[in-house]
Visitor: 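Got a structure here, written out as structure tokens. Questions coming.
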Amino acid sequence: MRRIYLDHNASTPLAPEVAAVMRRAMVDGFGNPSSPHWGGMPARELVEKGRRQVAGLLGCAPEEVVFTSGGSESNNFALKGAFFARAGKAAHIVTTRVEHPAILTPCRFLEKLGARVTYLPVDSTGSIDPDDLRKAIVADTILVSVMHANNEVGTIQPIADCAAIAGEHGVPFHTDAAQSVGKIPTLVGDLGVDLMSIAGHKVYAPKGVGALYVRKGVSLESLIHGAGHEGGRRAGTESAMLTAALGAACDLAADLSGMERVRALRDRFWIALQDRFGNSVALNGHPKQRLPNTLNVSFVGRLGADILAQLDGVAASTGSACHAGRVELSPVLEAMGVAPEVGMGAIRFSLGRTTTEEEIDAVAARLSGILL
Ligand SMILES: Cc1ncc(COP(=O)(O)O)c(C=O)c1O
């Protein structure tokens with residue numbers, strides 16, 4: 001069976017350019033980046049070049065980039081780091097109902113430690129209302145965390161408006177940009193954010209590396225204490241191979257011109273599905289304010305998992321791959337008020353740089369064969 005990969009929001013393949021950088025860095029960067037001799041220096045150069053490249057994509061200073069193990073660690077660092085930096089004081093956090101578990105689970109953990117968390121609702125498109133954020137902020141709010149774009153439905157949140165509201169109250173603003181980096185602009189200055197998480201494997205770099213942008217002056221307690229790596233913010237000897245990979249991937253991601261092709265393919269796919277299935281397919285997510293690669297559609301009255309099982313060779317997701325195996329309605333669709341008979345039929349197709357028109361047409365035809 002021909003294999004077609006439409007699950008780029010779960011993970012992207014390694015870009016060939018990134019693989020080439022990794023191969024070289026694995027050999028040339030074997031030393032400890034903290035060693036001041038000839039063995040360590042090439043490794044340090046690779047790490048710092050990677051940091052400059054990440055900073056280039058985000059539009060920040062290299063010193064504001066902290067390398068982590070991925071999106072989950074970056075999110076945990078932002079939330080717990082903000083909480084522990086104010087240990088012993090009352091702490092309130094504002095987030096949304098549609099965040100990734102890498103935000104919601106640390107929030108629940110912090111609630112056990114005494115934090116109060118407000119989970120903002122979303123409308124039927126998955127968007128929050130900035131006015132709800134304004135009303136939620138109180139005197140002891142220590143952090144607002146709103147994802148840039150949703151991993152399941154692709155809805156893009158009004159981050160600049162939300163960050164401005166947090167800023168008016170002097171509250172640091174974090175955004176989880178794991179899904180938006182490389183798909184839409186993510187300049188921290190334009191968005192007005194203080195903290196931003198990114199994940200390597202969503203942007204054609206490998207798993208095991210990510211970064212947190214920490215605006216100068218924002219105070220976070222470390223999660224990993226040890227020697228003074230990463231400016232004392234995250235202990236552990238840096239991997240030249242992984243940091244160079246993330247840097248190379250960020251260099252490639254800065255060129256968003258290819259996303260117009262991806263958006264056109266995604267829209268072609270949606271039109272093909274509407275032509276074939278009419279009112280039996282429904283779009284989940286915002287019709288316009290949505291990641292250009294993401295198409296989450298419900299086959300009404302069907303089970304997404306059953307359809308995917310018959311779509312042999314096609315890699316896509318029901319709900320999100322991070323919570324695969326679950327048969328209940330996805331919490332994101334539930335928060336959007338999607339009816340169970342619609343939501344249970346949801347499939348997320350997420351396209352990528354290498355997706356072709358022929359692949360899209362083949363999947364649409366295969367779906368007709370299964371469902372009509
Ligand atoms: C929006 C979002 N945040 C965080 C993560 C977690 O990133 P990682 O897998 O690098 O830990 C993901 C992964 O699916 C994601 O989609």
Side-chain angles (χ1 to χ4, degrees), residues 5-14 18 54 58 65-81 95-109 119 122 126-128 145-157 159 174-184 186 191 193 195-213 223-224 234 239 242-243 245-246 249-250 253 284-286 290-294 296 315-326 330-333 335-336 348-352:
Y5 191 77
L6 295 178
D7 209 8
H8 291 80
N9 286 10
S11 207
T12 48
L14 200 60
V18 174
V54 175
L58 305 185
V65 172
V66 181
F67 284 116
T68 66
S69 63
S72 295
E73 184 185 327
S74 297
N75 286 346
N76 272 262
F77 185 20
L79 293 162
K80 296 177 187 168
T95 187
T96 81
R97 282 186 63 193
V98 293
E99 299 295 313
H100 189 273
I103 290 287
L104 295 175
T105 316
C107 281
R108 303 241 155 78
F109 170 73
Y119 300 90
V122 293
S127 315
I128 62 162
S145 180
V146 176
M147 74 197 319
H148 193 189
N150 184 266
N151 44 301
E152 290 188 36
V153 296
T155 297
I156 300 166
Q157 300 293 352
I159 293 301
H174 167 251
T175 192
D176 175 355
Q179 289 294 346
S180 55
V181 154
K183 296 175 187 153
I184 55 173
T186 48
L191 294 171
V193 301
L195 299 159
M196 180 189 271
S197 301
I198 70 167
H201 74 107
K202 310 286 186 189
V203 66
Y204 302 85
K207 288 149 200 72
V209 67
L212 182 69
Y213 156 71
L223 294 190
I224 306 177
R234 199 256 190 192
S239 159
L242 292 174
T243 52
L246 184 61
C250 285
N284 296 312
H286 198 287
R290 189 157 49 97
L291 289 175
N293 77 318
T294 305
N296 187 313
S317 283
T318 59
S320 131
C322 303
H323 356 119
R326 183 152 69 192
S330 117
V332 170
L333 297 181
M336 288 163 57
R348 177 190 69 185
F349 297 101
S350 48
L351 288 58

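Both ligands and their constituent atoms are indexed starting at 1 by order of listing. What you see below is based on every heavy atom in this structure, not just the backbone, and it leaves out hydrogens, waters and symmetry mates.
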Visitor: Checking Ser11 against His201: is there a side-chain donor and acceptor pair closer than 3.5 Å?
Guide: yes
Visitor: Looking only at the side chains, is there a donor atom on one of His148 and Ser180 sitting less than 3.5 Å from an acceptor on the other?
Guide: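 Side chains of His148 and Ser180: pair found under 3.5 Å.
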Visitor: What I want to check is whether the side chains of Ser330 and Glu152 have a donor and an acceptor closer together than 3.5 Å.
Guide: yes
Visitor: Please compare Pro101, Ala177, Gly71 and report which has the shortest non-hydrogen distance to atom 10 (O) of ligand 1.
Guide: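 Considering heavy atoms of Pro101, Ala177, Gly71, the nearest to atom 10 (O) of ligand 1 sits in Gly71.
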Visitor: Just by distance, no angles: are the side chains of Ser145 and His174 close enough, under 3.5 Å, to form a donor-acceptor pair?
Guide: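 Distance-only check passes for Ser145 and His174.
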Visitor: With a cut-off of 4.0 Å, which atoms of ligand 1 are near a heavy atom of Gly70?
Guide: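 Taking each heavy atom of Gly70 in turn, ligand 1 has 10 (O) under 4.0 Å.
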Visitor: If hydrogens are left out, which of Glu73, His201, Glu99 has an atom nearest to atom 9 (O) of ligand 1, that is, the closest non-hydrogen atom?
Guide: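 Residue with the shortest heavy-atom distance to the ligand atom: His201.
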Visitor: Which atoms of ligand 1 have any heavy atom of Asn151 under 4.0 Å away?
Guide: 1 (C), 16 (O)
Visitor: Which ligand 1 atoms does Asp176 reach within 4.0 Å, using its non-hydrogen atoms?
Guide: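 Those of ligand 1 that fall under 4.0 Å from Asp176 are 1 (C), 2 (C), 3 (N), 4 (C).
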Visitor: Should you measure from each heavy atom of Ala199, which atoms of ligand 1 turn up under 4.0 Å away?
Guide: 10 (O)
Visitor: Is it the case that ligand 1 has an N or O less than 3.5 angstrom from some N or O of Gln179?
Guide: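 Indeed, backbone or side chain, Gln179 has an N or O that close.
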Visitor: Any idea which part of Asn75 is under 4.0 Å from ligand 1, heavy-atom wise: side chain, backbone, both or neither?
Guide: side chain
Visitor: Please compare Lys207, His100, His148 and report which has the shortest non-hydrogen distance to atom 12 (C) of ligand 1.
Guide: His100
Visitor: Do the side-chain N and O atoms of Ser350 and Thr294 include a donor-acceptor pair separated by under 3.5 angstrom?
Guide: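 Judged by distance alone, the side chains do not pair up.
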Visitor: Heavy-atom distances under 4.0 Å are what count here, so tell me which part of Ala178 touches ligand 1: side chain, backbone, both or neither.
Guide: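 For Ala178, the contact with ligand 1 is made by the side chain alone.
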Visitor: Checking Asn296 side chain against Arg348 main chain: does a donor-acceptor pair fall under 3.5 Å?
Guide: no
Visitor: Out of all atoms in ligand 1, which are within 4.0 Å of some heavy atom of Ser72? Include the element for each.
Guide: 6 (C), 7 (O), 8 (P), 11 (O)
Visitor: Between the side chains of Ser197 and Asn75, does any donor sit under 3.5 Å from an acceptor?
Guide: yes
Visitor: Between Lys202 and Asn9, is there a donor-acceptor pair closer than 3.5 Å when you use the side chain of the first and the backbone of the second?
Guide: yes
